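Here the structure comes first, spelled out in structure tokens, and everything after it is commentary.
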Amino acid sequence: MSLSSPQSPSSHFTTERPVAVLMVFVAAVVFGAFSFKRLPLTLMPELNYPTLTVRTEFEGAAPEEVENEVSRPIEEALGVVNGLSRISSVSRAGVSDVSLEFVWGTDMSQAAQDTLEKLDQVFLPREVDKPLILHFDPSLDPIMELSLSGEGVLFEGEIGLRRLRRLAEIQIRRALEPITGVAAVRIRGGLEEEIHVMLDQDALRRTGLSIQSVIGRLQQENINVAGGLVKEGRSEYMVRTLNEYLNQEQIEDTIVRRDASGELRVRDLATVSRSHREREILTRTGGRESVQIDIYKEADANMVAVSEAVRSALGPIETVSPKGIQKWMSRWGSPGGRRHSDRLAARLFKQEGARLEVVADRSVFIENSLREVQKTAVIGGLLAVLVLFLFLNDFKSTLIVAVSIPMSVIMTFAPLNLSEVTLNIMSLGGLALGVGMLVDSSIVVLESIYRCRQEGDSIKLAAVRGAREVRGAVTASTLTSIAVFLPMVFVEGIAGQVFGDLGITVVVSLLASLLVAVYFIPMLASRHRTQQTQGIDAGCHPLLRSGPSLNPRSLMMHWLLPILLLLLAMEAVVIAWGVWHGWDTESELLMASIWET
């Protein structure tokens, strides 16, 4: 029977259909590359604590009264919520906190809805405020914190703090909220402007008016309510009554009472002045009072992408040389290519004299952490390839095995995207952990093919027979490693949420490496001839055949020195890459100042 017949061991689709096999793996790599761009970047996996707190305020009530009138009725009503594992309450003076702990894996959105439905059935005293449902979610923390401060006469005293607050609300909030991925912009600190109407008690007593009557007149005059609908043919027009105060003079001219003696206005009864609300928070930047701007991202937004978009909108403050500004723009500039003087921070500094700067950015720590993990994984992969070359002593064979590392890693991203796994420290740590194991199966398969070639088999027959003989052992070895990491996916609690991404990443990467080793490596090995040697030392590495001729000088000159130079070159490349791509804004502006001097 001919070796090329379909019944021959050398007939296998990996060797007979190399183009088809190549296209399948290229498609898998392409899908993985596209999935990699869609994966959001986060520091840690999403943590969802299955707890809810129902907070109810009962002003002026003692703890015992709060427990009897509020806590116990709420506990009895919420004790039948689906998925509830434990319920407890804490009653304090004027406040009742009922804590609900659910089993892990409970849909907290549905649990909150069920809790609301049960609370509607609870009858509480009329003096009790409406219960609030509180849920702790670490992802609700702000991703960036900005500081707005100013120097000079315009920003001194209460007038300056009100000016800062007004700039933050009118200009900064309106500029940042339309950015894609930004959910909300919260402003804290400064002085929130208010109009105070200080009533004169003697004037009220002389006129016989009460405080409530003056308040009622102000509320009646300051309105913005719906006025109904006006129909004209097939069209309907909404009518609104607009009569809001626009300035302080309108408040002073408000008529409180009109009688035979004349009109009595607000200016006759009170003093109207611009002031501010009672302060609840004080923020400082560099020892000066400032206004803090917190930026929150949308639930499914990429934190790093949102941070870059915000930084691009802010731009640098025009206090450094044009060379420094140009370098800043090369990294954070927007596709529109706007001038740096048109950016928000530069415009505020030039027109208003206010300084807008980033004081905290969670994405910087995430980028640095993920970059460090990526660098470690790349260095580990290069070292693995170097060790393979030292023992295989064949560039083509080493290249075949080296291809399996990036291919297995890139193919892993597609299943991760389908599993809604983010790129975080744990998932990238799983990739770094699996880099060393990714080449194990490929090395075993390639060594088996090399052994079959030493025994005299043809290229295709060696590829087919070598892969078939070790396929079972390679599969069993990979499944053994998977059996170690797969249980992490099913762990409950915080440990399961933290280490679940690591387990999924390692399992998927090992399965990808198994497919590459069993199908892709034989296809590549069947396309080139492996160098053969004759004699008793056939197939043995030159380092192991050196025998007595190996001396310290030859070992240093021919092996250790080239390896050391290669490692130094690799480290130099990594450092250069980090320096070029790892500058943050502050370091770039510092370098710009140095260039200027």
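Small disclaimer: the values here were computed from a predicted structure and weren't measured.
- Listed by first then second residue, pairs satisfying side chain to side chain donor-acceptor pair (under 3.5 Å) with a partner in residues 169-184 read Arg165-Glu169, not counting sequence neighbours.
- With 3.5 Å as the limit, one finds a donor-acceptor pair spanning the side chains of Ser91 and Ser71.
- Here the side chains of Leu486 and Val489 are in contact, with some heavy-atom distance below 4.5 Å.
- Counting only distance, with no hydrogens or angles, the side chain of Ser363 and the backbone of Ser307 share no donor-acceptor pair below 3.5 Å.
- Taking the salt bridge (charged side-chain N to carboxylate O under 4.0 Å, His left out) definition, one finds that Glu67 meets it with Arg72, sequence neighbours left out.
- The number of heavy-atom neighbours closer than 6.0 Å to CZ of Arg284, taken from other residues, nucleotides and ligands shown, is above 12.
- A heavy-atom distance below 4.5 Å is not found between the side chains of Thr106 and Leu84.
- Side chain of Ser408 to backbone of Ile405: no donor-acceptor contact under 3.5 angstrom is found.
- Side-chain polar atoms of Asp97 and Thr53 form no donor-acceptor pair below 3.5 angstrom.
- Counting only heavy atoms from C-beta outward, the side chains of Thr51 and Leu100 never approach each other to under 4.5 Å.
- The number of heavy-atom neighbours closer than 6.0 Å to CD1 of Ile211, taken from other residues, nucleotides and ligands shown, is 12 or below.
- Within a 6.0 Å radius of CD in Glu64, no more than 12 heavy atoms belonging to other residues, nucleotides or ligands are found.
- With sequence neighbours excluded, the residues satisfying salt bridge (charged side-chain N to carboxylate O under 4.0 Å, His left out) with Arg188 are Asp294.
- Counting only residues at least two apart or on different chains, the side chain to side chain donor-acceptor pair (under 3.5 Å) pairs with a member in residues 476-485 are Ser441-Thr478.
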The test is side chain to side chain contact (heavy atoms under 4.5 Å, CB included); show your working for Val516 and Phe25 and say whether it passes.
CA-CA 8 Å; Val516 172; Phe25 280 93; 3.9 Å; yes
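- In this structure, the separation between CD on Glu101 and CD1 on Ile87 is 10.0 Å, given to the nearest 0.5 Å.
- At least one side-chain heavy atom of Leu416 sits less than 4.5 Å from a side-chain heavy atom of Phe413.
- Contact annotation: the side chain of Val54 approaches that of Leu119 to within less than 4.5 Å [non-hydrogen atoms, C-beta and beyond].
- Side-chain atoms of Glu75 and Val98, non-hydrogen and from C-beta on, do get closer than 4.5 Å to each other.
- The number of heavy atoms from other shown groups lying within 6.0 Å of OH (Tyr245) is above 12.
- Under the side-chain contact (heavy atoms from CB on, under 4.5 Å) criterion, Arg126 pairs with no residue at all, not counting sequence neighbours.
- Here Gln212 pairs with Ser210, Ile215 under the side-chain contact (heavy atoms from CB on, under 4.5 Å) rule; sequence neighbours left out.
- Side chain of Thr115 to main chain of Ala111: a donor-acceptor pair is present (N/O by atom type, distance under 3.5 Å, no hydrogens or angles).
- Within the 4.5 Å cutoff, the side chain of Glu69 has no heavy atoms near those of the Leu124 side chain.
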